[in-house]
Amino acid sequence: SFEEFKKIVNQFPNLRWIGLTGIGESFLNKDFMKMLRYVKSKSITVELYDNFYFLNDSMIKDLIDLKIDRIYISIDGATKKTYEKIRVGSNFDRVLENIRKLFEYRKASGRNIPRIDFHYIVSKINVHELTKFIELVDSFGSKNSEILFTRVLHGFKEIEKLFVEIPKKVINDTEKKAKEFGIRIYWGGDVPKIK
């Protein structure tokens, strides 16, 4: 609850940064925007991850007006077919529209914040779309965005069949495409380094 959240935050009077997302969907909590307002009223740097499915226009504008510092948009596919196979029940078109609105509202505000980056969890289902994903990110018109590629966790039996060793060719092609588009990419620590 909002009151529980305030009690936790207030225990740390010198708090300067907070990551307000764990595993789950933050915006399902009816008090999440109030929580964001509360930490920003204390001049705390806020970073969050979200899939941008449950947001509406008003919430997107609030993220800009509250001056949330950094948002990682978690999207695991470059095409509707792949994305909706992974994110069952979601809607690729709605997510893309919400992302475009975030970029538009930020531009209209004249601000550089929130910083908007992307997180892509690589699995057997979407490993073939990494270069297409770079093109998708570029289509939003942000030359300052970064993409973090991580692999699906292999320690959980429910999803272990989705774990993939990313082929060196895919890594090389992805890095080449990112350079071509001027987008910075990072590989999670579990992705083998190419020399």
Side-chain angles (χ1 to χ4, degrees), residues 17 19-26 46-55 63 68-100 102-103 106 112-195:
W17 174 90
L20 275 178
T21 313
I23 295 173
E25 176 50 61
S26 303
V46 174
E47 178 179 293
L48 61 90
Y49 282 71
D50 194 72
N51 61 36
F52 267 62
Y53 176 74
F54 289 101
L55 294 171
L63 293 173
I68 300 304
D69 299 274
R70 188 174 198 174
I71 297 173
Y72 277 97
I73 299 171
S74 187
I75 181 168
D76 305 323
T79 63
K80 182 177 180 71
K81 181 180 178 182
T82 299
Y83 177 82
E84 291 181 1
K85 184 174 184 178
I86 294 169
R87 302 264 179 163
V88 177
S90 190
N91 182 304
F92 187 66
D93 299 321
R94 175 181 174 156
V95 168
L96 294 188
E97 182 63 22
N98 283 339
I99 294 169
R100 287 188 179 93
L102 179 68
F103 277 101
R106 185 182 72 173
N112 291 327
I113 57 172
R115 176 174 177 78
I116 305 168
D117 294 317
F118 294 84
H119 182 221
Y120 187 105
I121 301 173
V122 183
S123 70
K124 285 183 179 177
I125 298 171
N126 64 10
V127 68
H128 65 286
E129 290 191 354
L130 273 61
T131 57
K132 283 184 182 179
F133 187 71
I134 291 169
E135 293 171 4
L136 177 63
V137 168
D138 183 70
S139 76
F140 298 125
S142 175
K143 296 299 181 193
N144 297 319
S145 291
E146 298 175 354
I147 303 170
L148 172 62
F149 290 108
T150 58
R151 290 188 294 182
V152 70
L153 297 174
H154 57 280
F156 297 93
K157 65 180 181 172
E158 296 84 1
I159 58 171
E160 65 187 13
K161 67 181 185 274
L162 298 176
F163 181 79
V164 64
E165 292 291 348
I166 305 172
K168 289 181 181 180
K169 181 176 179 355
V170 171
I171 293 173
N172 285 332
D173 290 350
T174 303
E175 290 182 355
K176 182 179 177 184
K177 181 66 76 171
K179 189 173 183 180
E180 175 188 336
F181 281 83
I183 294 174
R184 290 182 304 279
I185 64 169
Y186 298 92
W187 300 99
D190 66 338
V191 177
K193 304 296 180 258
I194 302 294
K195 295 182 181 180

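Keep in mind the model is a prediction, meaning the values are calculated, not measured.
Between P114 and L48, every side-chain heavy-atom pair lies at or beyond the 4.5 Å cut-off. F133 places a side-chain heavy atom less than 4.5 Å from the side chain of I75. Counting heavy atoms from C-beta outward, I71 and F52 have side chains that approach closer than 4.5 Å. Under the 4.5 Å side-chain criterion, counting only non-hydrogen atoms from C-beta, L130 is in contact with V122. Within the 4.5 Å cutoff, side-chain heavy atoms of I183 are placed close to those of I147. Contact of the Y53 side chain with the N98 side chain is not registered, since no non-hydrogen atoms from C-beta on lie closer than 4.5 Å. Side-chain atoms of V95 and S90, non-hydrogen and from C-beta on, do get closer than 4.5 Å to each other. When side chains are defined from C-beta on, E47 does not count as touching D69, because their heavy atoms never get closer than 4.5 Å.
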task: Would you please test S123 and I86 for side chain to side chain contact (heavy atoms under 4.5 Å, CB included) and show each step?
output: CA-CA 9 Å; S123 70; I86 294 169; 4.3 Å; yes

message: Evaluate H128 against T82 for side chain to side chain contact (heavy atoms under 4.5 Å, CB included), listing each step before the verdict.
response: CA-CA 10 Å; H128 65 286; T82 299; 3.9 Å; yes

query: Could you walk me through whether F149 and V170 pass the side chain to side chain contact (heavy atoms under 4.5 Å, CB included) check?
result: CA-CA 12 Å; F149 290 108; V170 171; over 6 Å; no

field: Worked check of side chain to side chain contact (heavy atoms under 4.5 Å, CB included) between L102 and I73
entry: CA-CA 11 Å; L102 179 68; I73 299 171; 4.1 Å; yes

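Side-chain atoms of N144 do not come within 3.5 Å of backbone N or O of R115 as any donor-acceptor pair. Judged by distance alone, with hydrogens and angles left aside, the side-chain atoms of Y120 form a donor-acceptor pair with the main-chain N or O of N126 at under 3.5 Å.
Each of V46, D50, I68 was scored for a side-chain contact (heavy atoms from CB on, under 4.5 Å) with L63, with one residue passing: I68. Partner of L136 under the side-chain contact (heavy atoms from CB on, under 4.5 Å) criterion, out of L96, I99, T131, T79: L96 alone.
Between F140 and F118, the two ring planes are parallel [angle under 30°; tilted spans 30° to 60°].
Taking the ring pair (Phe, Tyr, Trp, His ring centres under 6.0 Å) definition, one finds that F181 meets it with nothing, sequence neighbours left out. Remark: F92 engages Y83 in a ring pair (Phe, Tyr, Trp, His ring centres under 6.0 Å) (not counting sequence neighbours).
Heavy atoms of other residues, nucleotides or ligands lying less than 6.0 angstrom from NZ of K132 number 12 at most. Other residues, nucleotides and ligands place no more than 12 heavy atoms under 6.0 Å from the CG atom of N112. Surrounding NZ of K80 are more than 12 heavy atoms belonging to other residues, nucleotides or ligands, all under 6.0 Å away.
When all heavy atoms are compared, the tightest approach of R100 to S139 is NH2-OG, 4.1 Å. Closest heavy-atom contact between D93 and N91: N-OD1, 3.0 Å.
Salt-bridge annotation for R70 and E146: present, with a side-chain N of the basic residue lying under 4.0 Å from a carboxylate O of the acidic one.
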